[in-house]
Number of protein chains: 2
Amino acid sequence: MIFITKAAVNQLEKFFKPKAVAVIGVSQNPAKIGHIIFKSLLESKYGGNVYPVNPKARIILNHEVYSSILDCPDDTELAVITIAAQYTPQVIEQCGEKNIHNIVIISGGFKELGTEGEALESQVVDIARKNGIRIIGPNCIGVYDAKTKVETFFQSHDRMIRPHYGPISFLTQSGTYGASFLELLSEDGLGVSKFVSYGNKADVNETDMLQYLAVDQDTKVIAIYLEAIGRGEGRTFFEVAKEVIRKKPVVIYKTGTTAEGTTAAKSHTGHLSSQAVVYNGVFKQTGILSVKNFDELLAVSKALAFQPLPKGNKCAFVSNGIGPVIAMIDEAVKNKLEVAKLQESTKEHLRESFPPFFVVDNPVDVTGSATSKDYEITMDAFLADPGVDVVLPWFVFQDTPLDENIINALDKMNKRQEKPILVGAHGGPYTKKMTKLIQEKGIPVFDQAGKVIAAASALYRYTKFLSRES
Amino acid sequence: MIFITKAAVNQLEKFFKPKAVAVIGVSQNPAKIGHIIFKSLLESKYGGNVYPVNPKARIILNHEVYSSILDCPDDTELAVITIAAQYTPQVIEQCGEKNIHNIVIISGGFKELGTEGEALESQVVDIARKNGIRIIGPNCIGVYDAKTKVETFFQSHDRMIRPHYGPISFLTQSGTYGASFLELLSEDGLGVSKFVSYGNKADVNETDMLQYLAVDQDTKVIAIYLEAIGRGEGRTFFEVAKEVIRKKPVVIYKTGTTAEGTTAAKSHTGHLSSQAVVYNGVFKQTGILSVKNFDELLAVSKALAFQPLPKGNKCAFVSNGIGPVIAMIDEAVKNKLEVAKLQESTKEHLRESFPPFFVVDNPVDVTGSATSKDYEITMDAFLADPGVDVVLPWFVFQDTPLDENIINALDKMNKRQEKPILVGAHGGPYTKKMTKLIQEKGIPVFDQAGKVIAAASALYRYTKFLSRES
């Protein structure tokens, strides 16, 4: 399955588990990117040593400064470059001399600027290849590993939360989407595994990382933000993806779907995108789960990481407030999901359990009077009904008769992992508190009808893909 | 312009400014809806008296209980009914006797349940009409006025935030969307004016409320969540809407756009929707700004309430992280907005102001090194460039070189109200803090590329509609 060698995998591994890290270009000025990266790495729980490099300084943040990468201790396995683009070739030569084979280039000023920058980027890659070095970047925010806590971020800890470990890994051409992916999953209490922002991806790209993550025990779902596959890289990428998807789901959010967007993407990371229609065709063929926006990328990743796959496409809905359920049903139908027909026995059982003003059908409208117990009765009935594949409760946590026993009730049902349970709810601080408590039990909660259905639809598409392949 | 009489307007006004309120059906049990509504109204800053009605109790929450609405003091101008559906006709008769002409029926158990409930609902309406009573509901969460603080919510204050005053009013068939609308705008620090959840809308409906809000000084934007216009009500509604829109923008989010969604809507609030295509045609014709989901309803309402209209459709983008800008450009093009061509003099000015690794074009990529000053220079240039109609900065607040002076810089530019400024940003607690501080200055911030463009597109559509009408 894997096309790269074990040695290549081991080398990529060093981006996430280096013995020690050198940060090249650590200014005394705390507003400068090199300084922030060094400080952030010191503040993370990374266990290895961190060496600042700057020819003009002696002590920064109580650490001895090395005047060159050549002077750093020999356990340095990862170099993070933050200096101006024109000085990078020389530093990479020195890394080669020093037997450092993993480099992250944070600095911009390469291919994204046009012809001159492109030449510089080629030069950098040539030097790296000659020295057996792998490069992540340039023009990126680099790497993060939630287990080793290694990081290369110029987003300080007070500005950006680092998530705890979770089964989703994220590959991104955009540092911005990267930062928000980490933070938003962190706020959900769900965590992230490995993170790579490779910007211009002069060397290491999604094809490399897909192969690496395919065998990574800590990764269950691979999420990708993509502007363009590098020129000539398309076929390899899709062949690899097709293999990986048999083992783990791959979710992609791709921008640059219009001519204008493509132009902007080119001046962002130097890559020109093919037509949207080409990508969409290939995504479908390979089983890559493509999504329409960043919110859906998060939603689908969460669902795949924490919920079982459904046997079919029949959805059952329950709520104490039906507005968003109507929106979900509209979206479901547009996304080839079906509204389940409940068995007569299921409906009878519910009618007997509920007061006459509850509407028993699909959706089940337990009304604003609903208690936690009413939801439990309904969802248990959905789980038992063979005509239901996906269970979609929406909660109006603001409606005060609904009590907090719902958290344990959901946890109990979810532990059976019989059918996917995707929860919907939106609102203010109380709703957000409830949302987090539920998500911490491993049950994803979505704050918009469309996100619930994007998640349900992706689970079903993955089921279909796997059954077609088997 | 207004089709209803001044007297009718005055009567509707009493829903928002009653001298005193009676809550009918206040249980001793704090988990029951009538009790929660009474308690919530006591806890609000509503200045009038509140009278609990229950034939079987004497004191609830230290208040004297009235055994019937007939026994309540004579300043009662609004009755809130929370008792079982079958007892409502009698109580409405009593309200008539008592000269109470405004009633909110919270209880469900009417038209949404089918034939029998429909008959009961007709009976209720007949009694009301005979007695000159206007009814909001049944099967709803009723009303809220951010100025008088009158409310009829069974969402307790610890479960649901009440927003302060702001220029947006909201009409909704769904209490759930109602509750979240109030909370989400409250979290944004933006506020709400008047709120009506009318559920089955047996009597007062969107046509009445549009006419009322058209002359309401406290309302600048009218937002609506709609499942279906009542049978035979379509023509009047659209005629009224067409008039109102010349004065104030009307934004609608409509669900029930599929056969399955329509069926669900019918069992929610008893109304059957026409085909989506009919609605869409009429929305377009009348200038109603329709949106695709609830997030967009919030986004568009915010933009219309706080930003000037653009002269044209040419958008200029700046960011320290271009990923979401590419997404915005894709969406903009799909929504008939254009990427502005910056004047040569604008570009020259920016090139002279910035280091060589900033990408000066549209979008302007100020890179992760950007400071607040870099944004200010760029946005000032956009405001001065006659080829730019809409200014769209995206902020990666996580990128630590960006400092908090940006808040005052944005405030200063926004106060000129020359061109709409729509801000994008997403992330964790720090980003949310910055977002709130900026919104409190009256500059809307959106947490997804698609929402920024939905807002920009609606502003432009409204500009076009007004110029067509003038």
Side-chain angles (χ1 to χ4, degrees), chain A residues 31 33 36 108-109 112-113 154-156 158-161 174-177 179-180 183 186-187 225 227 255-258 260-261 264-265 267-268 293-295 321-327 329-330 333-334 339 357 359 361 363 365 367-369 396-401 426-428 430 448 450, chain B residues 31 33 36 108-109 112-113 154-156 158-161 174-177 179-180 183 186-187 225 227 255-258 260-261 264-265 267-268 293-295 321-327 329-330 333-334 339 357 359 361 363 365 367-369 396-401 426-428 430 448 450:
Chain A
I33 278 178
I36 302 166
E112 79 278 11
L113 291 188
F154 59 88
Q155 289 80 16
S156 56
D158 57 332
R159 292 275 187 109
M160 181 177 102
I161 297 176
S174 152
T176 303
Y177 278 129
S180 292
E183 287 210 285
S186 188
E187 285 198 313
Y225 166 75
E227 288 168 9
T255 60
T257 56
T258 59
E260 292 83 348
S267 78
H268 181 216
N293 56 49
F294 182 60
D295 285 353
I322 294 294
V325 175
I326 301 170
I329 290 175
D330 284 336
V333 172
K334 289 173 193 164
V339 179
F357 56 93
V359 183
D361 207 320
D365 183 356
T367 83
S369 314
V396 186
F397 288 120
Q398 296 98 331
D399 285 2
T400 308
H426 47 40
Y430 178 78
Q448 216 234 77
Chain B
I33 278 177
I36 303 167
E112 80 277 11
L113 292 187
F154 59 87
Q155 290 79 15
S156 57
D158 57 333
R159 293 274 188 110
M160 182 176 101
I161 298 177
S174 153
T176 304
Y177 277 129
S180 292
E183 287 210 288
S186 188
E187 285 198 311
Y225 167 76
E227 287 167 12
T255 59
T257 56
T258 60
E260 292 83 348
S267 78
H268 182 215
N293 56 49
F294 182 60
D295 285 353
I322 294 295
V325 175
I326 300 170
I329 291 175
D330 284 337
V333 172
K334 290 172 193 165
V339 178
F357 57 93
V359 184
D361 208 320
D365 183 355
T367 83
S369 315
V396 186
F397 289 120
Q398 295 98 331
D399 285 3
T400 308
H426 47 40
Y430 178 78
Q448 217 234 76

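Proteins get letters first, then strands, A, B, ... in listed order; numbering begins at 1 in each. All figures in this text were calculated on a predicted structure; none of them were measured in a lab.
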If the condition is ring pair (Phe, Tyr, Trp, His ring centres under 6.0 Å), which residues does B:H426 pass it with, not counting sequence neighbours?
A:Y177, A:F294, B:W394
Let's test your reading of the structure: which of A:I161, A:V325, A:I36 forms the most heavy-atom pairs below 4.5 Å with chain B?
A:I36
Taking side chain as everything from C-beta outward and backbone as N, CA, C, O, which of these in B:E187 sits under 4.5 Å from a heavy atom of chain A? Side chain, backbone, both or neither.
side chain
I'd like to know if the side chain of A:T400 and the backbone of A:Q398 have a donor-acceptor N/O pair within less than 3.5 Å.
yes
Verify, without hydrogens or angle tests, whether A:D365 (side chain) and A:T367 (backbone) share a donor-acceptor contact under 3.5 angstrom.
yes
Please give me the minimum heavy-atom distance between B:E112 and B:H268, naming the atom from each residue.
CB-O, 3.2 Å
With chain B, the option among A:I33, A:V339, A:D361 that has the most non-hydrogen atom pairs under 4.5 Å is A:I33
A:D399 portion near chain B, given a 4.5 angstrom heavy-atom threshold
both
A:A265 versus chain B, heavy atoms under 4.5 Å apart: side chain, backbone, both or neither?
both
Side chain A:R159, main chain B:Y430, donor-acceptor under 3.5 Å:
no
Chain B contact via A:P363 - side chain, backbone, both or neither, heavy atoms under 4.5 Å
side chain
Does any backbone or side-chain atom of B:D330 lie under 4.5 Å from a heavy atom of chain A? Answer side chain, backbone, both or neither.
both
Residue, of B:L113, B:D158, B:T257, that accumulates the most heavy atom pairs under 4.5 Å with chain A
B:T257
Choice from B:E227, B:E183, B:M160 maximising heavy atom contacts with chain A below 4.5 Å:
B:E183
When the 4.5 angstrom heavy-atom criterion is applied to B:F154 and chain A, the contacting part is both
If you tally heavy-atom pairs under 4.5 Å against chain B, which of A:G256, A:G108, A:S369, A:S186 wins?
A:G256
When only pairs under 4.5 Å are counted, which of A:V396, A:T255, A:V359 shares the most heavy-atom pairs with chain B?
A:T255
Test side chain to side chain contact (heavy atoms under 4.5 Å, CB included) on A:D295 and A:Q448 and set out the steps.
CA-CA 10 Å; A:D295 285 353; A:Q448 216 234 77; 5.8 Å; no
Heavy-atom pairs under 4.5 Å with chain B, option from A:G427, A:A264, A:S174, A:G321 with the top count
A:G427
